[in-house]
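The block underneath contains the structure these notes are about, expressed in structure tokens.
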There are 4 protein chains.
Amino acid sequence: MERGILVVTCPDRPGLISAVTSMLALHGTNVIEAEQHSEPTTDRFFMRVEFEPRGASFDAVASGMTALANQFEMEWKLRSSARPKRMAIFVSKYDHCLLDLVWRVRQGEIPAEIACIVSNHPDLQHVVEGFGLPFHHVAITKDNKAAQEEAELSLLRDYAVDFVVMARYMQILSPVFLDGFPMQVINVHHGLLPAFAGAKPYDQARDRGVKIIGATAHYATAVLDDGPIIDQEAVRVSHRDTVADMLQVGRDAERLVLARAVRAHSEERVFLDGRRTVVLG
Amino acid sequence: MERGILVVTCPDRPGLISAVTSMLALHGTNVIEAEQHSEPTTDRFFMRVEFEPRGASFDAVASGMTALANQFEMEWKLRSSARPKRMAIFVSKYDHCLLDLVWRVRQGEIPAEIACIVSNHPDLQHVVEGFGLPFHHVAITKDNKAAQEEAELSLLRDYAVDFVVMARYMQILSPVFLDGFPMQVINVHHGLLPAFAGAKPYDQARDRGVKIIGATAHYATAVLDDGPIIDQEAVRVSHRDTVADMLQVGRDAERLVLARAVRAHSEERVFLDGRRTVVLG
Amino acid sequence: MERGILVVTCPDRPGLISAVTSMLALHGTNVIEAEQHSEPTTDRFFMRVEFEPRGASFDAVASGMTALANQFEMEWKLRSSARPKRMAIFVSKYDHCLLDLVWRVRQGEIPAEIACIVSNHPDLQHVVEGFGLPFHHVAITKDNKAAQEEAELSLLRDYAVDFVVMARYMQILSPVFLDGFPMQVINVHHGLLPAFAGAKPYDQARDRGVKIIGATAHYATAVLDDGPIIDQEAVRVSHRDTVADMLQVGRDAERLVLARAVRAHSEERVFLDGRRTVVLG
Amino acid sequence: MERGILVVTCPDRPGLISAVTSMLALHGTNVIEAEQHSEPTTDRFFMRVEFEPRGASFDAVASGMTALANQFEMEWKLRSSARPKRMAIFVSKYDHCLLDLVWRVRQGEIPAEIACIVSNHPDLQHVVEGFGLPFHHVAITKDNKAAQEEAELSLLRDYAVDFVVMARYMQILSPVFLDGFPMQVINVHHGLLPAFAGAKPYDQARDRGVKIIGATAHYATAVLDDGPIIDQEAVRVSHRDTVADMLQVGRDAERLVLARAVRAHSEERVFLDGRRTVVLG
């Protein structure tokens, strides 16, 4: 059944929940789920409402929001669940996050469409095409990076992509690319950021002798492994675990945390508040 | 700073969040935290709002709620954070849950008052009085149980007690006693209910060879270890863990889960929905 | 590099670790990993040693063990890592555990071979054959169960299968079948056994209102969901989680716990001690 | 019942487990628990054995070890469980770790003796003396630090202290002090090191927007929050958790992780391997 998803953010002040839910009630919709957060450190208000239209048109609700937005300096977005977001998945050679995302989308766990797969290696072409999904091999070298990223951006426009998932894509996207999808590129890093940013986090972790490792899903920004964190997952290890053992349990953590982050992003649950995220619901 | 806590439950229907938050906005209050749940299996709506009065009187808000309650068949309760709930703690000989609760109340982690401690053994009298808290030894035998429970109920009335915490109280309270505090008696059981109800749950757990044990905080009802569950905590064990080892890690789980349940109950976060609980926030 | 895996169990008494490790040292092997357990409640000793042969023949080590076994009433088994165990996977229609096992075996996470897939439904034939694995559709009805199980046993003999994994196989295997693979049939149940044995465990869990659900991998026995537990995994839920939500997070728990159990079984880490398991390493 | 605890470390080579356990068997002891680790990156071997003497004298076992040590370049230590280690606890004003340690020692969870409490503030004197434990107020200022640390070291010698636990002691111990107790000073830091070392880790954590916080027990070294990690504990948080909320759940993590580390250290389970620890058992 079709649902509306309304997300709102504005300066915090009394009466905001009342204003939004009353407008929705006035149009005859039925709120299924509503969650909000008032952030004391930034005085921002965040709200996400999921509702059954019950005959109300999305245009009418949008008009209602336009009026409220003026009054309360709101930024807002209204979407129908009938038009899921479209993602591109960027991979290199590792397949675990890719397979997991494809399986979850097919299973209905993630309400989004996989528009295409892009890779700097041809290795996964066969498996991707076995799923009936488009695969594009865009080889990146030091010399052709700017041009190839331009080709990728063009591909993403052709496929009407809304956001990009770096499913263990072993390349750093340039600021130019990221500007094309601001805060719409989700990366997974196999460390509990900010610990062990950069290359070979499990080698770093074993060298430091930590007893807990993990994985982090975050929005990619121009600074490596520094963007707003969406979700994290921790795993207990011991002196017995070699780097190979960490890679093994780490893969499970990576695919879990990436799946949760992609689901939350697809369902419009993730808000930015400066460098932090607010994840509602 | 004083806050109002409003809890509401009623048959689910459109417009409920709007109705409650608009009434609160009308009176000039500021909502700090609001959470609600629509339960599809029972068609019940549950809501908890915490607000700053900003000059509004609690009487005025209560009048507003009375009007809404008629319209929407609401059951509701309004409390000021300035008047915390009062608990009695029932103990036998184990002290870990008792000490933990006393420490957390003093630390401000649990917004409630400890009115008195009741025990069927004198063992903990010294430590309780060292905290400056009243201790009452009410010895229970097979023959005097009815009379002694009557004495306990009388004590609780004298101390104006709102709810009872069985902090490893090794007695079963009779239905007569429980009728005096319906769904206001919190028990902690050292098993992941419904597994291992009854006596010696860790012996049962080791005999069955489980790899995960735990603890459960629940409302006591006339049927042993069968009441609505408020919170649970799981702990991984192995073949190496003896019953004594389980008791040790189990104590940590018990005090954590009991503290969370008592805090949630004190903050009016726990609603009953048949045999289940809805714990908001 | 080839390794020897030696597992030993016998009545507990002093000198057992010394006896086994001295015999291994005498033959010039190098112990990589050794773990043992003395169970106080049954007075049994359990030991698993993984060693580099360093030129020693497995026959010579086996002769050494034969001598020790007489002296200490030992039951023992010696295997080379060069000859991995062979498993058959039984499935119905759900694919998540199957896909996960196939992927982990290919990844090298589970040191075993998948000999064949058996199913009572044809649904997964295409995907299984896509992996280049043999698929056998053995439809079971009330009337043909005994004959069909005989056919399955015959298949398993043909494929030289060492153990069977029920990867969400929605049939109950008869005692006759299980006698053919005593304690070599691993099942996964989507409940934290002994809680919620039998059908629809998440419906049972939601009805009871628990706050922690989970999954259990265990050896199948003639009594449903009652066999020795190998591993368990717990997941926190709330009133918000519907049965469908539990199914979703439950699938992640099931595939993790089944993978760990199959790996431990493949590596000869699981010992039986009455109704319990000892899982070394 | 008295037990012997033997810990051994040496260059890795074949035959070590056999050598040690055979010597113990020869003297008629009964091994209750043995665990070892061969570290591939440093080629070191670590072993811990707990045994019932069964009439064997500790001197005889020590002689046996002396012979082995020469042959295998072993460092070793033999202790009787009848003579538990003695700890001093350093505190400032926070009492949660102190109370928890005192309770666990009395409960028998930690096999060690609390020799004395040292603090740079007088606040906890009353509660410490209520437990019948010696309290020493050693006020530290910028100007008197060297002299006061000398006084502390003198105290620790008087009390025959084996190791020091910094139970939220808000001072940095100087290298001179630490040289007096090399790798025998355990600190707890309320962050998942190496993340958020230094002051106000929860403020740092909230500023970075992490979804998992935690606590770390480690040996104190001359570099702040940089010593070998003994144990860690992770806790999930969300955008809703303020720094005050983190402090609250953090206290639970701190006392758990510190208790586990102090128990492991008291039981001689912690070995150093460069900058890492090996924690056996």
Side-chain angles (χ1 to χ4, degrees), chain A residues 1 3-4 6 8 10-41 43-56 61 64-65 68 71-72 211-212 234-238 240 249 278-281, chain B residues 1 3-4 6 8 10-41 43-56 61 64-65 68 71-72 211-212 234-238 240 249 278-281:
Chain A
M1 191 177 7
R3 289 192 176 179
L6 173 64
V8 179
C10 62
D12 196 19
R13 44 163 289 183
L16 295 168
I17 305 175
S18 162
V20 173
T21 56
S22 297
M23 184 277 291
L24 286 168
L26 196 71
H27 287 84
T29 71
N30 182 40
V31 170
I32 295 299
E33 193 185 320
E35 193 170 331
Q36 58 285 326
H37 176 64
S38 294
E39 174 55 40
T41 58
D43 267 322
R44 296 290 295 174
F45 173 82
F46 305 88
M47 185 175 196
R48 179 188 183 277
V49 187
E50 203 166 317
F51 60 91
E52 299 168 341
R54 299 210 168 179
V61 173
M65 276 310 300
L68 287 183
Q71 188 180 349
F72 296 108
K211 304 300 185 187
I212 287 178
V235 184
R236 180 166 279 273
V237 292
S238 81
R240 293 215 236 182
V249 295
V278 169
V279 184
L280 294 183
Chain B
M1 189 177 10
R3 289 191 176 179
L6 173 64
V8 179
C10 62
D12 197 18
R13 44 163 290 183
L16 295 169
I17 306 175
S18 161
V20 173
T21 56
S22 297
M23 184 277 292
L24 287 168
L26 196 71
H27 287 85
T29 71
N30 183 39
V31 170
I32 294 300
E33 193 186 321
E35 193 171 333
Q36 58 286 325
H37 175 64
S38 294
E39 175 55 40
T41 59
D43 267 324
R44 295 290 296 174
F45 173 82
F46 305 88
M47 186 175 196
R48 180 188 183 278
V49 187
E50 203 166 317
F51 61 91
E52 299 169 341
R54 298 208 171 180
V61 173
M65 276 310 300
L68 288 182
Q71 188 180 350
F72 295 108
K211 303 301 187 187
I212 288 178
V235 185
R236 181 166 279 274
V237 292
S238 81
R240 292 216 238 183
V249 294
V278 169
V279 185
L280 295 183

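Residue numbers start from 1 in every chain, and the chains themselves are labelled A, B, ... in the order their sequence lines are given, proteins ahead of strands. These numbers come from the heavy atoms of this one structure, side chains and all, not from hydrogens, waters or symmetry mates.
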Bottom line for A:Ala19: the part with an atom under 4.5 Å from chain B's heavy atoms is neither

Minimal heavy-atom distance between B:Pro14 and A:Arg54, with the atoms involved, is CG-NH1, 3.4 Å

d(B:Ser22 OG, A:Ile17 CD1) to nearest 0.5 Å is 10.5 Å

In terms of heavy-atom contacts, B:Gly15 and A:Ala25 come closest through CA-CB, 4.2 Å

dist A:Thr21:OG1 -> B:Gln36:CD (nearest 0.5 Å) comes out at 9.0 Å

